[in-house]
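First the structure, in the form of structure tokens, and then the observations on it.
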Amino acid sequence: MGQKYDTKAAFWDIHNNTKPGPERTAAYIKAIKEADESGDPYARMHMRANMAVFTPFYDDAVKILPVCAEFFAIAEEYPEAASMDDIFTTAREAANLSIIVPQLELQVCEKMFKNMENAAIILKHGAIKRLHMIGTEFYTYVDLQKAQEHYSIFNKERGGSYSACNACEKHVKVWYHMKKGDTELADEMAQRIFKRGLECHDIPWQTYALFLEHYMDTGTIYEHKDFIDKLIRGGCRDVSDLANVGTVLRCLAHTNPVKGLKLLQQYWRYSINLWNQQALYFFYKGAWRCCEAVDGRGLSLYPPEGFKEDIPSRDPGFFGKWFHNEAIKIAKSFDKRNGTDFYMKDLSRA
């Protein structure tokens with residue numbers, strides 16, 4: 001076995017000396033390579049676990065998929081070196097990918113959940129609660145009865161060091177009841193987020209986005225325009241927030257489409273080569289509605305660098321059709337994997 005690799009020093013070097021985004025992701029990949037060269041199985045797994053946990057905060061979450069697969073291959077080869085904490089956190093992030101990547105078959109998704117469950121049973125301290133929190137969200141798209149079973153356990157389990165933060169847990173409860181159609185209860189629960197000022201990297205921004213989508217579906221967006229400004233200020237930062245940007249674009253199609261077109265031009269570059277299909281779906285849906293809203297106004301839209309389609313037009317209306325077609329492709333791929341019509345119904349409401 002090779003010389004030990006200092007994972008702690010590598011972690012702090014990455015987070016102190018790189019910018020969040022592709023630069024930091026590249027630094028993690030470099031550190032993983034160095035850990036592999038050291039021959040230390042613990043270091044090889046630990047650096048992969050760190051990348052799996054932190055990358056979704058600032059980059060395309062799907063970049064961690066091969067890293068998670070490599071982690072479990074090493075853990076199988078060197079079980080004595082595998083940290084249960086790393087197993088749980090890596091399995092947790094892998095399970096989250098089930099929600100955003102329709103190319104993963106249901107059997108693969110359920111295997112990810114099983115890896116997480118095996119670790120959660122041993123760890124306890126909120127790990128079971130986190131398992132069923134993710135299961136609630138995933139199965140809401142797939143099987144509402146299973147989603148209810150997961151939600152019941154998630155709702156009654158005690159939290160701990162491995163459960164999500166209070167803000168995220170409250171948001172998932174709001175999200176679940178909104179998707180079930182109980183908007184009154186969802187609104188009541190959301191007040192615990194808004195009025196208490198619960199906040200983390202994702203919340204309350206995703207909660208604002210959830211309600212903005214609902215307000216647009218019900219034709220009441222004008223009464224809640226302040227939510228749009230709040231989401232733009234706090235929840236439209238980088239590639240990890242592209243779904244939020246899509247919601248904002250859909251809103252601005254109703255309230256200020258010219259501003260929406262400028263925002264689309266600013267954020268479109270983040271969608272290039274993005275594998276997070278759920279984020280792309282929301283972005284394309286919002287971009288489609290925004291382009292339709294400014295069609296015929298004599299405005300122009302320019303594809304970002306790396307856009308591979310050969311489109312001779314700069315007319316937003318032309319691009320609107322392209323965005324709509326791409327949203328349909330993603331919606332159908334999710335629905336085919338999940339065996340439901342969840343996404344196509346959502347798209348029809350737009």
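These numbers come from the heavy atoms of this one structure, side chains and all, not from hydrogens, waters or symmetry mates.
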Checklist line | Y208 side chain near F194 side chain, heavy-atom distance below 4.5 Å | finding: yes

Note to self: In the structure I gave you, are the side-chain heavy atoms of Q103 and S333 within less than 4.5 Å of one another anywhere?
What the structure shows: no

Margin query: If you count heavy atoms of other groups shown closer than 6.0 angstrom to CD of E223, is the number above 12?
Written below: yes

Item checked: Main-chain N/O of G235 paired to N244 side chain as donor or acceptor, under 3.5 Å -> yes

Check: Between Y281 and L65, is there a shared hydrophobic cluster once you connect ILVMFWY residues whose side-chain heavy atoms come closer than 4.5 Å?
Finding: yes

Check: Does the pair E149/K146 count as a salt bridge with the N-to-O cut at 4.0 Å?
Finding: no

Check: Y222, L249: one ILVMFWY side-chain cluster at the under-4.5 Å cut-off?
Finding: yes

Check: Do W175 and Y141 have ring centroids that are under 6.0 Å from one another?
Finding: yes

Notebook entry, point to check: Is a side-chain N or O of K129 found less than 3.5 angstrom from the main chain of G159, in a donor-acceptor match?
Noted result: no

Check: For the residue pair T89 and D86, what are the closest heavy atoms and their distance?
Finding: OG1-O, 3.2 Å

Checklist line | F138 and F113 aromatic centres sub-6.0 Å | finding: yes

Next item on the list: Show your working on side-chain contact (heavy atoms from CB on, under 4.5 Å) between K225 and Y215 and close with a plain yes or no.
Entry: CA-CA 10 Å; K225 289 195 293 184; Y215 295 144; over 6 Å; no

Note to self: Salt bridge check, K321 against D315: does any charged N sit closer than 4.0 Å to a carboxylate O?
What the structure shows: no

Check: For V248 and C236, which heavy atoms make the closest approach, and how far apart are they?
Finding: CG2-SG, 4.0 Å

Next item on the list: Mark yes or no for whether D60, through its side chain, and V62, through its backbone, hold a donor-acceptor pair below 3.5 Å.
Entry: yes

Next item on the list: Answer yes or no: is there a side-chain heavy-atom contact under 4.5 Å between D182 and Y176?
Entry: no

Notebook entry, point to check: Is the shortest heavy-atom distance from the side chain of E137 to the side chain of H150 under 4.5 Å?
Noted result: no

Notebook entry, point to check: Going by distance alone, is a donor N or O of one side chain under 3.5 Å from an acceptor N or O of the other, for Q148 and S152?
Noted result: yes

Checklist line | Spacing of D40 atom CG and Y78 atom OH [to the nearest 0.5 Å] | finding: 10.0 Å

Item checked: Y151 ring center within less than 6.0 Å of H177 ring center -> yes

Checklist line | Shared hydrophobic cluster for I121 and L123 (ILVMFWY, side-chain gaps under 4.5 Å) | finding: no

Note to self: Go through it in stages, so that I can follow the logic: the residues are T247 and E213, the test is side-chain hydrogen bond (donor to acceptor under 3.5 Å, both in side chains), and I'd like the CA-CA distance, side-chain angles, deciding distance and then a yes or no.
What the structure shows: CA-CA 7 Å; T247 294; E213 291 282 344; 2.7 Å; yes

Notebook entry, point to check: Does the T207 side chain pair with the main chain of I203, one donor and one acceptor, at a distance under 3.5 Å?
Noted result: no

Check: Aromatic rings H214 and F211: how do their planes relate, parallel, tilted or perpendicular, breaks at 30° and 60°?
Finding: perpendicular

Notebook entry, point to check: So with a 6.0 Å cut-off around NE2 of H15, is the heavy-atom count from everything else above 12?
Noted result: yes

Item checked: Step-by-step side-chain contact (heavy atoms from CB on, under 4.5 Å) determination, K259 to I232 -> CA-CA 12 Å; K259 180 179 179 179; I232 291 174; 4.2 Å; yes

Notebook entry, point to check: What is the minimum heavy-atom distance between K308 and N273, and which atoms define it?
Noted result: NZ-OD1, 4.1 Å

Notebook entry, point to check: Stepwise, does the side-chain contact (heavy atoms from CB on, under 4.5 Å) test hold for I128 with R158?
Noted result: CA-CA 9 Å; I128 295 290; R158 295 181 62 181; over 6 Å; no

Next item on the list: Measure the CD1-CZ distance between I64 and F71 for me, rounded to the nearest 0.5 Å.
Entry: 12.0 Å

Next item on the list: For the pair D13 (side chain) and A9 (backbone), establish whether a donor and an acceptor sit closer than 3.5 Å, ignoring hydrogens and angles.
Entry: no

Check: Does E184 CD have over 12 foreign heavy atoms under 6.0 Å away?
Finding: no

Note to self: To the nearest 0.5 Å, what is the distance between OG on S240 and CZ on F57?
What the structure shows: 9.0 Å

Checklist line | Whether Y343 and F334 hold their rings parallel, tilted or perpendicular, with breakpoints at 30° and 60° | finding: parallel

Check: How close do A350 and R250 get, heavy atom to heavy atom, and via which atoms?
Finding: CA-NH2, 3.5 Å

Check: Given side chains that start at C-beta, do those of M47 and V67 come closer than 4.5 Å, heavy atoms only?
Finding: no

Check: Out of curiosity, R337 CZ to C109 SG, how far, rounded to the nearest 0.5 Å?
Finding: 4.5 Å

Check: Under a 4.5 Å cut-off applied to non-hydrogen side-chain atoms, are K180 and L185 in contact?
Finding: no

Check: Hey, does the side chain of D59 reach the backbone of T25 with a donor-acceptor pair shorter than 3.5 angstrom?
Finding: no

Check: How close do R130 and F88 get, heavy atom to heavy atom, and via which atoms?
Finding: CB-CZ, 4.1 Å

Next item on the list: Take K111 and N115 through the test side-chain hydrogen bond (donor to acceptor under 3.5 Å, both in side chains) and record every step on the way to the result.
Entry: CA-CA 6 Å; K111 184 178 180 180; N115 286 336; over 6 Å; no

Margin query: Please verify the inter-ring angle class for W322 with Y284; under 30° counts as parallel, over 60° as perpendicular, anything in between as tilted.
Written below: perpendicular

Check: Between C290 and L261, what is the shortest heavy-atom contact and its length?
Finding: SG-N, 3.4 Å

Check: Can you hop from L274 to L104 via hydrophobic side chains spaced under 4.5 Å?
Finding: yes

Check: Would Y267 and F283 count as a close aromatic pair, with their ring centres under 6.0 Å?
Finding: no

Item checked: Approximate separation, where rounding is to 0.5 Å, of M45 CE and S83 OG -> 8.5 Å

Item checked: Trace of the salt bridge (Lys or Arg N to Asp or Glu O under 4.0 Å) decision for D346 with R349 -> CA-CA 5 Å; D346 178 78; R349 290 194 292 269; 3.5 Å; yes

Margin query: Walk me through whether K332 and M344 qualify under side-chain contact (heavy atoms from CB on, under 4.5 Å).
Written below: CA-CA 7 Å; K332 286 183 174 179; M344 284 303 293; 3.9 Å; yes

Note to self: Can you see whether Y5 engages E34 through a side-chain donor-acceptor pair at a distance of less than 3.5 angstrom?
What the structure shows: yes

Next item on the list: Look at the side chain of T90 and the backbone N and O of I87, then say whether any donor-acceptor pair between them is shorter than 3.5 Å.
Entry: no

Margin query: For a 4.5 angstrom cut-off between non-hydrogen side-chain atoms, does E93 reach T55?
Written below: no

Checklist line | Result of checking T140, D187, L210 against M178 for side-chain contact (heavy atoms from CB on, under 4.5 Å) | finding: L210

Notebook entry, point to check: Is L97 linked to F72 within one hydrophobic cluster, defined over Ile, Leu, Val, Met, Phe, Trp and Tyr using a side-chain heavy-atom separation of less than 4.5 Å?
Noted result: yes

Margin query: Looking at R196, I'd like to know if its CZ atom is crowded, meaning that more than 12 non-hydrogen atoms belonging to other residues, nucleotides or ligands lie closer than 6.0 Å.
Written below: no

Notebook entry, point to check: Taking the six-membered ring of Y58, is the NZ or CZ of R24 close enough (under 6.0 Å from the centre) and on axis enough (within 45°)?
Noted result: yes

Margin query: Does any part of the side chain of P204, heavy atoms only, come nearer than 4.5 Å to the side chain of E199, both counted from C-beta?
Written below: yes

Note to self: How about NZ on K230, more than 12 heavy atoms from neighbouring residues, nucleotides or ligands closer than 6.0 Å, or not?
What the structure shows: yes

Checklist line | Gap separating the CE atom of M116 from the CG atom of L131, nearest 0.5 angstrom | finding: 5.0 Å

Check: For atom NZ of K179, is the number of surrounding heavy atoms from other residues, nucleotides or ligands below 6.0 Å larger than 12?
Finding: yes

